[in-house]
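In what follows, a structure is listed as structure tokens, so that the remarks can point back to it.
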Amino acid sequence: MGIRNKKRIVRNRYVHYKLKRRLIFFIILFMVMCGIMIYDIIFQKIDFLFALLAFAVGSGIGYVVGSIKKVKWAEEESMVISKMDKEGIIILILYLSFSLSRKWLFGHWIHGDTLSAFCFSLVAGTLLGRFLSTRIKIRKILKDQRYLVKPEKNKE
């Protein structure tokens, strides 16, 4: 059995299904947003560097927001879990308010199709940042619980 299969078995056994579902949701939305972002770049609705800047800023924001999220080991279930807490609800409200007020926030500097393309790039980066920070936390918890160990190198 390969290392990838062992990691998949560990992930399936020790990560709560709701957390796995959330990560899959992040990745699917990320791919959709990246597809839209690439479409906007190809049809020149936004400059590549401007889209890259929005993506990078979004990734940083997503990583910070994901770092605030509490992911922990539940002893009674022997699983990695994440519950919606006060911070998560506040972040959700802030995200929804950003989505509704993006024209007001960025409309002073960016107009028309470029504004939409900018926001799609920003959201794509945010989703990637959230995914990566959550995944890093899960891996750290599984390593701390000794379910995920690095294979030893052959010393010959």
Problem set entry | Cluster overlap Val15 with Ile24, hydrophobic side-chain contacts below 4.5 Å | no
Exercise. Would a hydrophobic clustering, with Ile, Leu, Val, Met, Phe, Trp and Tyr connected at side-chain separations under 4.5 Å, put Phe48 with Leu115?
Worked result: yes
Exercise. Under 4.5 Å between side-chain heavy atoms, hopping through other hydrophobics if needed: is there a path connecting Phe25 to Ile36?
Worked result: yes
Exercise. Quick one: does Lys137's side chain have a donor or acceptor within less than 3.5 Å of a partner on Ser67's backbone?
Worked result: yes
For this session: Check for a donor-acceptor pair, side chain of Ser121 on one end and backbone N or O of Met37 on the other, with a separation under 3.5 Å.
Result: no
Problem set entry | Hydrophobic cluster membership, Ile46 vs Ile38, 4.5 Å side-chain cutoff | no
Seminar exercise, completed: Tightest non-hydrogen contact, residues Arg130 and Val65, listed as CD-CG1, 3.6 Å
Exercise. Atom CD in Gln145, atom CE in Met79: separation rounded to 0.5 Å?
Worked result: 13.0 Å
For this session: With side chain to side chain contact (heavy atoms under 4.5 Å, CB included) as the test, would you mind laying out the steps for Tyr14 and Ile141 before giving the verdict?
Result: CA-CA 10 Å; Tyr14 298 111; Ile141 290 170; over 6 Å; no
Problem set entry | Contact check, side chains of Leu142 and Trp73, non-hydrogen atoms, under 4.5 Å | yes
Exercise. Hey, mind stepping through Phe120 and Met33 against side chain to side chain contact (heavy atoms under 4.5 Å, CB included) and telling me if it holds?
Worked result: CA-CA 6 Å; Phe120 281 125; Met33 294 294 169; 3.3 Å; yes
Problem set entry | Minimum heavy-atom distance between Ile81 and Leu19, given as atom pair plus value | C-CD2, 4.4 Å
Problem set entry | Nearest heavy atoms of Cys34 and Phe55, plus distance in Å | SG-CE1, 4.3 Å
For this session: Check whether Leu49 and Leu122 end up in the same hydrophobic cluster, where Ile, Leu, Val, Met, Phe, Trp and Tyr are linked by side-chain heavy atoms less than 4.5 Å apart.
Result: yes
Exercise. Below 6.0 angstrom between ring centroids: does that apply to Tyr39 and Phe43?
Worked result: yes
For this session: Check whether the ring centres of Phe50 and Phe118 lie less than 6.0 Å apart, and answer yes or no.
Result: yes
Seminar exercise, completed: So CZ of Arg135 and CG of Leu128: to nearest 0.5 Å the spacing works out to 11.0 Å
For this session: Test Leu23 against Ile138 for side chain to side chain contact (heavy atoms under 4.5 Å, CB included), laying out the working first.
Result: CA-CA 11 Å; Leu23 290 175; Ile138 291 170; 3.6 Å; yes
Exercise. Quick one: CG on Asp47 to CG on Asp40, what's the gap to the nearest 0.5 Å?
Worked result: 12.5 Å
Exercise. Could you state the interatomic distance from NZ (Lys69) to OG (Ser82), rounded to the nearest 0.5 Å?
Worked result: 4.0 Å
Problem set entry | Residue Lys20 excluded, over 12 heavy atoms near NZ under 6.0 Å | yes
